[in-house]
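Here is the structure we will look at, set down as structure tokens.
Values reported hereafter were calculated over all heavy atoms of this structure, with side chains retained and with hydrogens, waters and symmetry mates removed. Just so we're on the same page: letters track the sequence lines, and every chain starts at 1.
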Amino acid sequence: MKTRTRFAPSPTGYMHIGNLRTALYEYLIAKASGGDFILRIEDTDQKRYVEGAVDIIYNTLKTVGIRWDEGPDVGGDFGPYVQSERKDLYAPYAHKLVELGGAHYCFCGEREEQVDEEGNEIICKFEDPCKKIPLEEAKKRIAAGEPYVIRQTINKTGKSKYEDKVYGLIEIDYDELDEGVLLKSDGFPTYNFANVIDDHLMGITHVVRGNEYLPSTPKYNLMYDTFGWQRPVYVHLPPVMKDAQHKLSKRNGDASFQDLVAKGYLPEAIINYIALLGWNPGTEEEIFSIAELAKIFSVERLNKSPAIFDIVKLTWMNGMYIRALPAERFHQLAQPYYKDVPAFVDQEALSRTLQPRIETLTQISEQIDFIVALPAFQAELYANKKMKTDAAVARANLPAIREVLAGQIEWNNDALFAALKALAEKLGVKNGQILYPARIALSGKETTPGGATEIAVILGREETLRRLDAAIAALN
RNA sequence: GGUCCCAUCGUCUAGCGGCCUAGGACACCGCCCUCUCACGGCGGUAACGCGAGUUCGAGUCUCGCUGGGAUCACCA
């Protein structure tokens, strides 16, 4: 049978990293076996619906290269793919489940929080008194217009067992299960119910989701069993953590995919990194495109312990991706950060020296500040022990440097470097005593991306000579 | 609190009884390369939570403890 997985987000805001990773794994599980990946929007809770959230989901999946075979916008044979549009489909199943003895009508109203003498919340498994109401009587009350919900009926004896692909055998006493609401009084199904119905109707073979569902899965199994449907394969995933204690969450404003992109991370790097948060290929390779992942992914290598999201390692990986970019592509991605760059700058040369030196695109801004505007600097900046240079050396050599550069025909790094090296030889000084002062004069900064000659190329001849003149004047 | 789940370097992880004096990657430190910085190359520091047991032999199996997480809604 063809593998079918689904990503079923609720449109309540942006996509956080944990969510994205779940979608990724669902996609990879399907694709690794030539199956289909389905997108379904779970919007049964109108209270939490956030405008625009669906577009964020679409855009995020698209930019990371996750393509869905069926979904709200692309259609498919099992639609509609938005739960609110499937609303009328659930109630008949709920009533059928009542007939089959797997659920019952309940007239209790919303459950109140139970509190003991000391004000502590009493945690107890809910066993609904309404399940004792004879079915005929319940139907009469409903016919009379009394509001009701449909609750799952659970026989509290015995043990539930199921096999999870990552956690293995899970056993839970039926006594632990709550007789939860399946169909709300507004006629909408709860997640618990809609999920089972939709997964079955859409032919989902592998249910992949967070491990917070581990304890409630027996409830779903009960429904599958009562309906006589085949249970899906379960793949429960450990959470992605912010630190040892806390999950990554939207509420805390933890990094979302969009945030990371805005911070200069490449979608490919983000996907590569999060794929490795809880899964590994069993080899020592760690750079993978999503297409490569789709070939080698296997649930067997999924980890069961939580993984902490480490921005530092993501940053390293992003640097790897940036360096691997074709020069033109990098140049293109850098454009937004070149807004304030003066016209005299050779932007392509700038991109060439920047590309191996940054790990996130946003670092471009801080790297190029001295190009945008030469900072004011003190003569002490010329001092460098290792280069054996100081203000006096600068004062002595800068005019000769200026002269050489002014006479330079070919304005590229190799030519400039050769010319200045020749000057050092001619003057009988170390290369550093020429190049270091030149770099300081051109940049006004102790450290810069690239050396004196690279900077000269970026600045162009005129600006280079202008900055040299200014530096010479300042030293006298 | 009941129940369920988890537990190897700071972090991501390899390890499915002997190949482990525990391997890789990030980070960190040192050296090399070098016109500063970065890239790149080389090397180093650093972990099996604790205690019993099983076994000739345990990071690997079992139990207990400890620590952490999850779950117990007309939210998903």
For this output row, return yes or no: ring centroids of [X] and [Y] closer than 6.0 angstrom.
X: A:Phe297; Y: A:Tyr25; result: yes
X: A:Tyr162; Y: A:Tyr234; result: yes
X: A:Tyr213; Y: A:Tyr191; result: yes
X: A:Tyr90; Y: A:Phe188; result: no
X: A:Tyr58; Y: A:Trp68; result: yes

Classify [X] by what it touches in the nucleic acid, base, sugar-phosphate, or nothing, heavy-atom distance under 4.0 Å.
X: A:Met387; value: sugar-phosphate
X: A:Ile170; value: sugar-phosphate
X: A:Gln367; value: nothing
X: A:Lys386; value: base
X: A:Val149; value: base
X: A:Gln355; value: nothing

Separation of [N] [atom2] from [X] [atom1] (nearest whole Å):
X: A:Asn211; N: B:U3; atom1: CG; atom2: C1'; answer: 14 Å
X: A:Tyr162; N: B:C4; atom1: OH; atom2: C1'; answer: 9 Å
X: A:Tyr382; N: B:U36; atom1: OH; atom2: P; answer: 17 Å
X: A:Asn431; N: B:U34; atom1: CG; atom2: P; answer: 11 Å
X: A:Arg439; N: B:C37; atom1: CZ; atom2: P; answer: 8 Å
X: A:Glu454; N: B:U36; atom1: CD; atom2: P; answer: 11 Å
X: A:Lys385; N: B:U36; atom1: NZ; atom2: C1'; answer: 17 Å

Original post:
Thinking salt bridges, do A:Arg40 and A:Asp199 make one under a 4.0 Å N-O criterion?
Top reply: yes
Subject >> NZ/NE/NH1/NH2 to OD/OE distance under 4.0 Å, A:Lys247 and A:Glu212 >> reply: yes
Classify the side chain of [X] versus the base of [N] as yes if they form a donor-acceptor pair under 3.5 Å and no if they do not.
X: A:Tyr213; N: B:A70; result: no
X: A:Arg357; N: B:C37; result: yes
X: A:Ser185; N: B:C74; result: yes
X: A:Thr190; N: B:C74; result: no

Original post:
Any side-chain N or O of A:Lys184 less than 4.0 Å from the OP1 or OP2 oxygen of B:A73?
Top reply: no
**OP:** Tell me whether the OP1 or OP2 atom of B:U36 has a side-chain N or O from A:Lys388 closer than 4.0 Å.
**Re:** no
Taking atom [atom1] in both [N] and [M], what distance in whole Å separates the two?
N: B:C42; M: B:C33; atom1: P; answer: 15 Å
N: B:U66; M: B:C28; atom1: C1'; answer: 30 Å
N: B:C4; M: B:G64; atom1: P; answer: 11 Å

**OP:** Give a yes/no verdict on base stacking between B:C5 and A:Tyr167: centres under 5.5 Å, planes within less than 30° of parallel.
**Re:** no
Original post:
Who are the side-chain hydrogen bond (donor to acceptor under 3.5 Å, both in side chains) partners of A:Tyr105, not counting sequence neighbours?
Top reply: A:His95
Original post:
Nearest to the side chain of A:Trp316, which nucleotide is it out of B:C26, B:A38, B:G2?
Top reply: B:C26
Original post:
What one-letter contact string describes nucleotides 7-16 of chain B from 5' to 3', where B marks a base within less than 4.0 Å of any protein heavy atom, S marks contact via sugar-phosphate atoms alone, and - marks no contact?
Top reply: S---SBSSS-
